[in-house]
Structure formats: structure tokens, C-alpha cells
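Report on the structure given below.
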Amino acid sequence: MIVITLPDGKKMEFSNSTTGLEIAKTISSSLAKAALAIIKNDSLIDLSAKITENASVNIITRDSDEALELIRHDTAHVMAEAVQELFPDAQVTIGPSIENGFYYDFAREIPFSTEDLTAIEKKMRQIIERNEPFIREVWDRETAIKHFSDKGEKYKAEIIYDLPANEDVTVYKQGDWYDLCRGPHLPSTKHIGTAFKLMKVAGAYWRGDSKNAMLHRIYGTAWRNDKELKAYLTMLDEAEKRDHRKLGREMDLFHLQEEAQGSVFWHDKGYTIWLELEKYIRCRLQDAGYQEVKTPQLLDSKFWEQSGHWSKFRENMFVVPDVVPNIEDDGSIFNEEPKNYMAIKPMNCPAHVQIFKQGIKSYRDLPIRMAEFGCCHRNEPHGALHGIMRVRQMTQDDAHIFVREDQILEETLSFCHLLLSVYKDLGFEDVAVKLSTRPDVRAGEDETWNKAEDALGQALEKAGLTFSINPGEGAFYGPKIEFVLKDAIGRDWQCGTLQLDFVLPERLDANYIGEDGQKHRPVMLHRAILGSMERFIGILIENYAGKFPLWLAPVQAVVTTITGETDDYAEEVYDTLKSKGMRVELDLRNEKINRKIREHSLAKVQHIIVVGAREKDERKTAIRTLGQKEQKFLSFDETIEFLHNETRSPLEKT
RNA sequence: GCUGCUGUAGCUCAGUGGUAGAGCGCGUCAUUGGUAAUGACGAGGUCGGGAGUUCAAUUCUCCCUAGCAGCACCA
């Protein structure tokens, strides 16, 4: 006799064994039809799996998150079958479900083409239509290894070989095709439905390691129903429309060119956003008791050896020989072998420690909050570069807070408040927080790590933030907090960070005099709110789809005319707005008003101020605001006041 | 860095083994038009760079380079 407990607490009895399907049938025939799998004591298992002991059971139907994962995983299996039917030379490897869909990696000489995807997808729909049940089998380990090896599936054989000894080797069959898989699966292929689409082919390393063979990965998306699929595809379209590289060009914000790959040419309009953002952050930091500094770009390699970057970070640094170059037409660039090397800074922290070290610091001086809009260069791999989001020259809104150990909690807490308040001002209210804890390879005593992790955790709790733990993801020198914000179309961006560091002050021999008259090591908090100016502006562009909050917008209003007869009045409006510090443009072109409205609207100018003969006569303006049907008719003075109000930054609003 | 794809006018993109085209933009002229494209004419290209095959290469092949997608890495 076994007892099954349902989520509502109801108990059911079965003679000696049962299955999820039997339980569902006992409850109702409609549930039996809808049931896809069950959660038994917190683990997801097949509907047909035998239950032989007392258990709590939750029946999974299509609308649950678990079902969606099953759908995605099963679609991956069906794709693998389709691929092997069409391309018998392809070996299967792994195919998990992922966010928004699934992928499957295949080993094969020839990569898949875009045309292949169409054929594979067609075959998948046939396989689903066959409605083959997924059947689980447990195989003997040795037999399984031999079987897959003989079949030429060496990757599968390798996976089985590496499976923990206590784990069953399970194989799932769907018709004649089968795959090594832990499961669970849907009852049969038809449950997958039709809401999936193969998206793209890409290379991927076996087991994610760049030393291993490159496999061919096919990505797909899969959803519960066509409506969800369509919504996802619409979101992708929307993301493409917002692409900062496209908007950056269209709005004349910046450009990139191959002679300076990974570094941004900021145009007037883009740099206006930068300056406004920088001004805003600078004010917030001043209010929060930070000092601002500026440190050198080029520093001797010996300095980086001392800081530890030379051994740990050198492959990401730009190194310059400290030699006068040869200017003769022939011959090498350098006539002598360089004795010394300089490196362009990839981080600001070691330089900040040098400032800290000037003079003697007392425990009374701490905390010292040292900020820099630090321009750093990192020698990023070519394949990593992406628009202005991932660049080789970047400016961080960086700061290092030198504290005593007893100040960690308080400084962390106030940083969290500052960061959330900044994000809110910039339009991001949905922020996820992650705490990354000690990695396997680390510096420092376990006792110190305990204190550090506790302090960060406590600060987050005090700040009222819910957070998830990233075990083992901390830096080697200390644990860190990462702040992830969600943009207008639901994408996540990791921006802010706070990292505790016990190592660098030690390496660079920073100290302060404590109450006891002895030297002590300060702890460093590395922290950034935006991350980098480049990346954050990229995020802003995509989040707002180019329609920036007015205080950041490069063009806040355009004054334009209907005919040339009112040019003088338009100039007066324009001059007055300009003199009040607003970013206004004057459009006196000999074009029809329709055209001018269209062009400025497409350029995402939010306020178009039209002055024609009527407005001139009455000393008024007609303001057309982007996204609104009605125009406003305001007097000259009201216009100035209206725009002045609209363009106020969050700093002026409080 | 790895795999695949791409590079033609300022932008978006056609096209061809016999040295190139469209739309938008730009310039000139005409037009003075009340809220999402006025018309006409015109100027723009060593077809990413180099080598090879060929009588002939923007087109075919190879190498390099940059961009794009993904992987790895990461702010």
C-alpha cells in the first residue's frame, strides 16, 4: 500500500505501485488527457514512471513552466531525429532546452546551411505528426558504451563514460529513433505541438571548451502555442528595430570604423547624451560623499606586475614598448630591443591605490570613496566586439571605496541605495540582484570570506533586496554583488557591480593607522553603477528605442516654420530657448510643413514647435509632441516655461 | 581566438566573366506649401585589400582584413 499526497493535501491510496497517469485518471478523465508529466517529491518525472513508495505528487499540464521546458527539450530530440534521417553522417551530442527554446549540437564534416533548416523543420513536423510515444529504457552501462561506439556515436559514448557511477544509463525511444537522455519527456511527440521554429546555425565547442572540436549547433525556439511563438518573434523584430548600431547611425549619435575597431567615434549628438549622463552621475556621487580623481593611461609594466595584472590579465592588455620608434623609411619600427614595457590601463583600481597611498591615512579618514570616469582599454578578442556594447576602449563610472572591515556593511548598504535610485531615475525599476560567493581558487582565509559574504548578504537584506546566490562565481579576491536590470522589452543587462577586495591593498601595500596606532590593511570595494558609459548608453538607446527621456535627448525641440515669412519670429523663439540652455534646432528649410514634420518625427524629436503667420500675429507657438495627436497652442512665455519644465533632469526635480 | 555567413554610392539593397544600377539622402533650379514624403534636373562608386586563373575579374579560386550570428570571454 502506498500513499500519494496531492498539492491540496488530499491523499490517495494505491495497492503497491502506480503512475502519474493512473493518478490523473483517478482524479478526472480530463486531467488524464491534459497531464504531461509529474513532479514527484520535487523532481520532474515521466507520466508513465512507476511510483512504488509514498510520495507527494503534482501533475504537470501544458500551462506550467515545467511543461514548456519539456516541450523545448522534446523538440530538440525530434530535431535530432530529423537531422539524422536527412543527414545520416551527423553524430548527435547534446540538446538541452534553453531560455526561449532549445538547441542541439551535431558533429559533422559539413556545416548546416540555412536551406537545410527548412528541410529539417519540415521533417520535424512529420515526426511530430507520427505521434510516437517517448519510451524510457534503462541500459547496462558497458552495453550502452559499446552500442553507441559501434554506431559511430563517439560523443554519446563519451557522455555515458563520464556519467556518475550511481546514475542509471537511460535511453529514450521515439519510434525507431533513440537517444541517450536523462529525461523526462512528454508522453508522445504530438504533445510538442506546432509552435516552434528553427532559428539559426552556429558553431559551438564540444563541452563549451575552446580547446575541443567545433560542433554545429542548430538553435530553435519552441512555445506552448502559436500565440506565444508569435509574441516571441515579434519581440525579436522589436529588438532588431531598436538595435543601437542602427539607431546610432540613423540618429547620428556615433560611428565605428575599422581603423579603430572596438573604439567609438562619438558624434556631437551622442556625446551630448554622454555628457548629460556623466553630469548626472557626477552630481549623485558628489552628494554621496565621493571624491573624483583622474589617473594615468600608461603605466610601467613593473607596476602591473606588482598589482597582479601582468600575470593574470596580460592577454587582455595593450602593451607598448618603451622605445623611441625609428622613422627611417626602411628598417624595423624599433631599432633596439625594448628593455621596458608600458601598458595602457585596463582597470583603474591599482592607480587609485597609489592615490590612497600618498601620505598617511588614519582610521578616521575612512571610508575614502574615490571615483573616476576612467577610460580603460582592454584587448578584447575580435569575436567579442559588438557595437558600443562591447568595446576595447571604454569609460567606467568606476569608484573604489577604501574601508575598515567594520564599515563594509554600511558602505555596501548605501551603495545599494544609490544604485537603485540612479536606475530609477534612468527608467529602470526592475532590478535583479545576484551574490557571487567564493570560488574554488581564491586568495585569503576562509574566515575572511565568511565575514565578507555575510556582510554583503546582510547589506542586501537590509536594503530590502531579494537576491539569488551564484555559488563559486565570485572573484578570486573577494565576493561580489551583480545588479541586472530588465529593459522595456524584457531583456536582462548586467550593469552595476560591487566587489569586495582583500588582495589588492595587500599586493600594493596600502595601509592606514588604526586606533591602536598600528598599521592595518584597508578593504577595497570596487563598484560601478552604469558599468561602462559606452555599454550603458547602448542599453539606453535600445531601452528607449531612441526616444530618450527629454533631459538626455540630444535634440529636445525643433522650431520650424510653414513659410519663409515667419523666419524672424522662429529665430526669436529659437534664440530664447537656446539662451535658457535648451538643446533646440531651427529648421527654416524651404520644405513643406508635412515633410518637416515627418522628418523630425522619424528623427524622434519629441517637441516640434511650429510657428506660422497665425502664431506670429498672436505671439504664440503650436507644439506637436511625438506620439500625441493634439497639438498645444501656447503663448511665447508659456512655451519657454513648458519646455523648461519638460527638459529638467532628475537632479532638478527633487 | 574558433565556426559559419557577409562586404557594390552617405544609407538600404539589386546585378553581371566584357570596368555597374534602384530607392532614400546630397546639390542646383522652380515651388511659399498649416502638421508624417512638391516637382524637374544633376553630382556621387579603383564593386573591402592583395595575389592567382583568364584575352578579359566587381563576378571564379586562394590569402588577408572588417562586419554579422553563435561559441569562448566579458562592463
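A note on names: the letters A, B, ... follow the listed sequences, proteins ahead of strands, and every chain is numbered from 1.
At the heavy-atom level, A/Ala528 lies nowhere under 4.0 Å from the strands shown. Residue-level contact check: A/Val201 touches neither bases nor backbone, having no heavy atom under 4.0 Å from any strand. Within the nucleic acid shown, A/Gln396 has no heavy atom closer than 4.0 Å to any nucleic acid atom. A/Glu380 comes within 4.0 angstrom of a nucleotide base, judged by non-hydrogen atoms across all strands. Residue-level contact check: A/Leu602 touches the bases, meaning some heavy atom is under 4.0 Å from a base atom. Among the heavy atoms of the strands lying under 4.0 Å from A/Tyr219 are primed sugar atoms or P, OP1, OP2 only; no base atom is included. Using a 4.0 Å heavy-atom distance criterion, A/Gly208 is classed as a sugar-phosphate-only contact. Residue-level contact check: A/His600 touches neither bases nor backbone, having no heavy atom under 4.0 Å from any strand.
With P as the reference atom, B/U3 and B/G48 are 24 Å apart, rounded to whole Å. On the P atoms, B/C26 is 33 Å away from B/A66, given to the nearest whole Å. Only the C1' atoms considered, B/C60 is 13 Å distant from B/A56, to the nearest whole Å. A distance of about 15 Å separates the P atoms of B/G67 and B/U12, rounded to the whole Å. Of the C1' atoms belonging to B/G49 and B/U58, the separation is 13 Å, rounded to the nearest Å. Spacing between B/U38 and B/G33 at atom P, rounded to whole Å, works out to 14 Å. Separating the C1' atom of B/A14 from that of B/C24 is a span of 15 Å, rounded to the nearest Å. With both ends at atom P, the span from B/U61 to B/U6 equals 11 Å, rounded to whole Å.
OP1 or OP2 of B/G67 has not a single side-chain nitrogen or oxygen of A/Arg245 nearer than 4.0 Å. Regarding contacts with the backbone of B/U35, every side-chain N or O of A/Asn594 stays at 4.0 angstrom or more from both OP1 and OP2. The side chain of A/Arg108 places no N or O atom within less than 4.0 Å of a non-bridging phosphate oxygen (OP1 or OP2) of B/G4. Distances shown here put every side-chain N or O of A/Tyr103 at or beyond 4.0 Å from the OP1 or OP2 atom of B/C71. OP1 or OP2 of B/U35 has not a single side-chain nitrogen or oxygen of A/Arg595 nearer than 4.0 Å.
When both distances must be under 3.5 Å, the Watson-Crick or G-U wobble mate of B/U32 does not exist. Nucleotide B/G7 has B/U65 as its partner under the Watson-Crick or G-U criteria, with both atom distances under 3.5 Å. In this structure, B/G27 and B/C41 make a Watson-Crick or G-U wobble pair, each of the two defining distances being under 3.5 angstrom. With a cut-off of 3.5 Å on both Watson-Crick or G-U wobble distances, the partner of B/C60 is given as B/G52. Under the Watson-Crick and G-U wobble criteria, each requiring two contacts below 3.5 Å, nucleotide B/G21 is paired to B/C13. If you check B/C74 for Watson-Crick or wobble pairing at under 3.5 angstrom, you find it has no partner at all.
Minimum atom distance to the side chain of A/Arg378 is reached by B/C74, of the listed B/C74, B/U35, B/G34. Set against B/A75, B/U35, B/A36, the side chain of A/Arg390 has B/A75 as its closest nucleotide. Closest to the A/His382 side chain, of the nucleotides B/A66, B/C71, B/C74, is B/A66. Side chain of A/Arg249, nearest nucleotide from B/U12, B/A75, B/A69: B/U12. Comparing atom distances between the A/Met214 side chain and each of B/A72, B/G70, B/A36 picks out B/G70 as nearest. For A/Ser601, taking side-chain heavy atoms from C-beta onward, the closest of the listed nucleotides B/G34, B/A75, B/A36 is B/A36. The side chain of A/Arg217 lies closest to B/C71 when the candidates are B/U35, B/C71, B/A69.
Look at CZ on A/Arg207: it is 17 Å from C1' on B/A72, rounded to the nearest Å. Following rounding to the nearest Å, A/Lys246 (NZ) and B/C11 (P) show an atom-to-atom distance of 15 Å. Atom CG of A/Asp209 and atom P of B/G70 are 21 Å apart (whole Å). Across the protein-nucleic acid pair, A/Lys629 atom NZ and B/U35 atom P stand 15 Å apart, rounded to whole Å. Between the CD1 atom of A/Ile593 and the P atom of B/U32 there is a distance of 16 Å, given to the nearest Å. Separating the CD atom of A/Glu599 from the C1' atom of B/C26 is a distance of 12 Å, rounded to the nearest angstrom. For the pair A/Gln257 CD and B/G48 C1', the interatomic distance rounds to 14 Å; values are reported in whole Å. For A/Tyr423 and B/A75, the OH to P distance is 13 Å, given to the nearest whole Å.
A donor atom on one side chain and an acceptor atom on the other are found under 3.5 Å apart for A/Gln499 and A/Tyr477.
With a glycosidic angle no further than 90° from 0, B/G44 counts as syn.
For A/Tyr219 and A/Tyr104, the ring centers are positioned 6.0 Å apart or more. With ring centers used as reference points, A/Phe102 lies 6.0 Å or more from A/His77. Ring to ring, A/His607 and A/Phe642 are close: their centroids are under 6.0 angstrom apart.
Applying side chain to side chain contact (heavy atoms under 4.5 Å, CB included) to A/Ile593 and the options A/Thr561, A/Val610, A/Thr563 leaves one that passes, A/Val610.
Residue-to-nucleotide contacts include no donor-acceptor pair under 3.5 Å from the side chain of A/Glu482 to the base of B/A75. At a cut-off of 3.5 angstrom, counting only N and O atoms as typed in the model, there is a donor on one side and an acceptor on the other between the side-chain of A/Tyr205 and the base of B/G1.
The aromatic rings of A/Trp223 and A/Tyr232 are tilted relative to each other, their planes meeting at an angle between 30° and 60°. The aromatic rings of A/Phe112 and A/His216 lie perpendicular to each other, with more than 60° between the two planes, well past the 30° mark. Relative orientation of the A/Phe313 and A/His309 rings is perpendicular, given thresholds of 30° and 60° on the angle between their planes.
Between A/Glu615 and A/Leu385, the residue anchored closer to the 5' end of RNA chain B is A/Glu615, taking for each the nucleotide with the nearest heavy atom. The residue among A/Gln631 and A/Lys480 whose nearest nucleotide of RNA chain B is located toward the 5' end is A/Gln631.
The backbone N or O of A/Ile388 sits less than 3.5 Å from a side-chain atom of A/His244, completing a donor-acceptor pair.
Summarising the geometry of A/Arg245 relative to A/Phe254, their closest heavy-atom pair is CA-CZ, 4.5 Å, with the distance given to 0.1 Å.
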